[in-house]
Every structure is written in C-alpha cells, then in structure tokens.
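We're numbering straight along the sequence, starting at 1.
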Amino acid sequence: MNPHTSAYLPPTPLEEAVRVVAIETAIPRDLMPGLLVLRVHTDTGLVGHGETYYAPHAVAALIHDWMARRLMGQDALAIESHWRFLYERCANFGVRGAELRAISALDLALWDLLGQVCGQPVYRLLGGPVRSRVPVYNSLGNPSYGRHPGGEQGWPGYGSLGGPGELQDSYKLFHDPCTLVQELLDEGYTAFKTWLFDSVAHAHGGMRIGLRDLEETLKPLVQIRERFGNRIEFMVDGHGFFMLPAALRIAEALRPLQPLWLEDVLKMDNLETLAGFRRQSRMPISVSEMLLSRADFAQVLAHQAADYVMIDPTWVGGISETVRLAHLAQAYNIPVTMHDCTGPLTLFAGLHVNAAVPGCCFQETVRAHIRTFYRDLIDTPVVIRDGEAELPRGAGLGTRLNPDLFRPDRPDYRVTRL
C-alpha cells in the first residue's frame, strides 16, 4: 500500500499531481527591503507567485531550510494538506510571526498555481464573485514609506512623513490637507486613512498625550471636516503606540469628527483591554493586521472588542486562512477589510477575497505605492477607478512578479530544487 494514500495530511493525496520542483525567494532591497517575494515552480512549467513582508531573511530561511522539505516533489494543488501540516508543525514551537508569514507566501503561490491549472481567477475558485468591483480607500503614505535609502528595512510604525512633491500624501495632510482631499475626491476616493499621531508618540511615548498635542495634531482633520463636511470618510491608525488613558483621550477628541473607525490606537497584545477601550470610547474600533492567529480573531469577536476586522493575507496564513477569518467575522455580523501597505501581491490577494466573501467591505490601497515601485514588482497593475478596484481577470492571482527579481546574481536570492 502506498503510505501516502492512508497518511494524515499526505503531501501527495492523489497520484495525478502537479509537482513542485523548485522554490525561489528574493528580497528586492532596492525597491522594498522588507519584502520577500517567492516563486514555486512545477513539473508542468507553471509558476506560482507569492510574497510576505517583514523579517524577510528569517522567512526565507524557514522556507528553504525547513518548509521546502514538505513541498519538494509533492502535489502543488494539495493546498489545505500543506497548509495544515506546516501550521501544526509550527504550532509546536509558536506559530505566530515569521513561521506564519512563510506559510502565507507559500499559500499565495499555491492558490496562484491552482488558478492557472483551472484557467480561472482565484475568486472563482473561492465560490465566485459576489461583487463586480471592490471599494477601496487610500492610506496616506508616500513613495518612500516602508523603504530606506540604504536598502535596509526601517522600524515598523516609524514611517517618514516625506516631503513636498507628487504623491507625498502623508506630508500633504499636515501642510495642505484641503488640496489633498480635493485630489482624492477628484480621483473618486471616498475615504482615506491617516496615522497622524505617530510623531506625538515618537516624541513622548504612548503613556499620555497632552491637550496641546491633541489640538495641533487634529488641525488637518478639523479643516477637512469644515471644508468638505461628509463628502469623505477617514480612518485613524495609531500604529499601536498608545496605552489606555492616552487612547481614550484621543478617542474623545476625535468623536466630534466622526471617523469611520479607530485602528491600533492600542497595541493588539491585550484583547481584554481592547474590549474595554471599545466600551469606554464609544467609538467604532477596527482590529487589524497586528492580529495573526485565528484564536486571537475568535477572541476579539467573542468578546465584542471590534466593529471591523482587518486582515493581511500575507501575514495570517495566506488566502486560505484569510477566507476562513472573513467567514468567521461574518458569522458575528462584523464587516471585514483587507490590509495592504506592504506589497502588490498582498493587494491582489485581498482583492480576490473581497470579490468572493460577502462580508468584506473595503480594500486598503496606497496610491503612492501603486503608482511608483509596485509597477517594478509586477507585470499587471491593479486598476482603480472612481474609488473602486476592478477585479483581477487573469488566471490565478492575475499578475506575475517581475522575473528580474529572481536573477541568481542578486543579493539575497535563494533557490531550492528537487
């Protein structure tokens, strides 16, 4: 008897298989040094594409030194079998972090391969589209946000405000907010997200926040509400910098301006405090990409700690886990949004889930990334018109990573072959 036919989570459940013959990873330091891009090659010549973000060298080591043993020579389309096997093995020593990001990158590539084999976009394989376009909002980054002149990754949550110039949205919010919002409205955006409290946290820490700091920091949003009224929504991201007293003071100051949600004003490391913050603040709260485990999301939902659930497909376990989490949130009547401030395949993965799950309501985008270095990473860009993204039309993810990223002479390139 073939042992694979009776084993739990067999790597090749059926003899007829599209088999993995090589896995490549690369880190595009010159474009986005925190990004890990990945290709999975098969014996049919099809190639699946994936990515994840943060600590890319650690992720690459996990993939090549450990996880590739599971995939080499095995069925590329046994997505759930591979996912659960790798998750259970990682759970023996702590599944969050680099381990889950490695699973995420591989999972994207395997779904991309499945779509190519079937000749269909991924959202067709998830049950088919429930909407023809995906509403998006613009996060106020800039072309250098998440990048570093020396080709090194910066610290999370310490993005630069940038300077004057085209697509310098984070800078323009503080220096010419009404012109910025008019630009966004002219392009069809109906909402934007800002992390305008970062500088206060960097200067004084997150234990408290003074009334003068609050007044100065909120001036751009006050001007926007006075000029544009309810023509545009906005969300406020605190990047997890503040403790409860400061977070409550921020929420109180923001209440008259009616943000759509507050996100990561508290760090996501104590979900009971988060539930208390939601009750005391009387404001709509979004949990975020900082949560990585299904158990964490389940606890948030069960304790009524959030009004929105945001998921990053390349951090939580790929498309497979993102879909499960989105359906879980829908069972609690909590809408889901997708994160992207990291890489183009994260954006595409989010669009596919948005397209297929009724409870999804928004896709984060960063126009400063999409219109600059994203086009150097992929061959088919996302199309946004009138505040909505068109669904990807090609098979699989609907876009491909630039093959020049995987030149063997590039620093940090690695390959594992059968």
Side-chain angles (χ1 to χ4, degrees), residues 1-23 25 38-44 46 48-50 52 58-118 122 125-127 291-299 301-302 311 313-329 331 349 352-353 356-357 396 416-418:
M1 177 184 294
N2 184 342
H4 291 327
T5 62
S6 58
Y8 172 61
L9 300 176
T12 304
L14 302 173
E15 292 183 4
E16 305 83 15
V18 176
R19 296 179 186 272
V20 176
V21 296
I23 299 174
T25 62
L38 171 144
R39 294 197 303 191
V40 174
H41 297 257
T42 67
D43 59 355
T44 64
L46 295 176
H49 300 74
T52 190
V59 174
L62 278 162
I63 289 170
H64 292 285
D65 299 340
W66 201 54
M67 295 182 180
R69 291 161 45 201
R70 164 71 183 191
L71 292 169
M72 281 299 140
Q74 305 302 334
D75 185 2
L77 307 188
I79 300 173
E80 186 63 21
S81 181
H82 296 314
W83 195 98
R84 190 66 200 179
F85 178 89
L86 292 173
Y87 177 86
E88 289 186 3
R89 302 289 68 74
C90 292
N92 284 4
F93 53 84
V95 75
R96 294 171 178 85
E99 292 80 12
L100 202 51
R101 293 198 296 277
I103 293 173
S104 300
L106 290 167
D107 186 82
L108 253 66
L110 298 185
W111 275 101
D112 188 28
L113 282 167
L114 179 60
Q116 292 178 55
V117 168
C118 296
V122 166
L125 309 179
L126 298 176
L291 293 183
L292 296 177
S293 148
R294 198 184 316 176
D296 290 341
F297 282 99
Q299 187 178 346
L301 293 164
I311 306 168
T314 59
W315 291 1
V316 300
I319 290 170
S320 296
E321 188 73 346
T322 298
V323 171
R324 289 189 280 261
L325 291 171
H327 285 302
L328 175 65
H352 282 281
V353 179
V357 179
T416 299
R417 301 186 190 277
L418 180 64

How long is the gap from [atom1] on [X] to [atom2] on [Y], to the nearest 0.5 Å?
X	Y	atom1	atom2	answer
L38	I63	CG	CD1	5.0 Å
I79	L106	CD1	CG	11.5 Å
I319	L110	CD1	CG	10.0 Å
C90	I103	SG	CD1	4.0 Å
L100	L86	CG	CG	10.5 Å
L113	R39	CG	CZ	12.0 Å

Handout entry: S320 and W111: side chain donor to acceptor below 3.5 Å
Key =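 Looking only at side-chain atoms, W111 and S320 do form a donor-acceptor pair, the distance falling under 3.5 Å.
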Check whether [X] reaches the backbone of [Y] with its side chain - one donor and one acceptor, N or O, closer than 3.5 Å.
X	Y	answer
T12	Q74	no
S81	P10	yes
W83	G317	yes
D112	H49	yes
R417	A22	no

Where [X] and [Y] come nearest, the two heavy atoms and their spacing:
X	Y	answer
L126	H352	CD1-O, 4.2 Å
H64	I23	CE1-O, 3.3 Å
A102	L62	CB-CB, 4.2 Å
T322	G318	OG1-O, 2.8 Å
N92	E88	OD1-O, 3.4 Å
D75	H82	O-NE2, 2.6 Å

Any non-hydrogen side-chain atom of [X] less than 4.5 Å from a side-chain atom of [Y]?
X	Y	answer
T314	R101	no
Y87	E321	no
R84	Y8	yes
T52	W315	yes
L125	L114	yes

Exercise for the section: Decide side chain to side chain contact (heavy atoms under 4.5 Å, CB included) for L418 and R19; before the verdict, give the C-alpha distance in whole Å, the side-chain angles of both, and the deciding distance to 0.1 Å. Expected result: CA-CA 10 Å; L418 180 64; R19 296 179 186 272; over 6 Å; no
Practice task
With sequence neighbours excluded, tell me which residues meet salt bridge (charged side-chain N to carboxylate O under 4.0 Å, His left out) with D43.
Solution key: none
Problem - Exceeds 12 heavy-atom contacts within 6.0 angstrom, atom CZ of R89 - result: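 Yes, enclosed.
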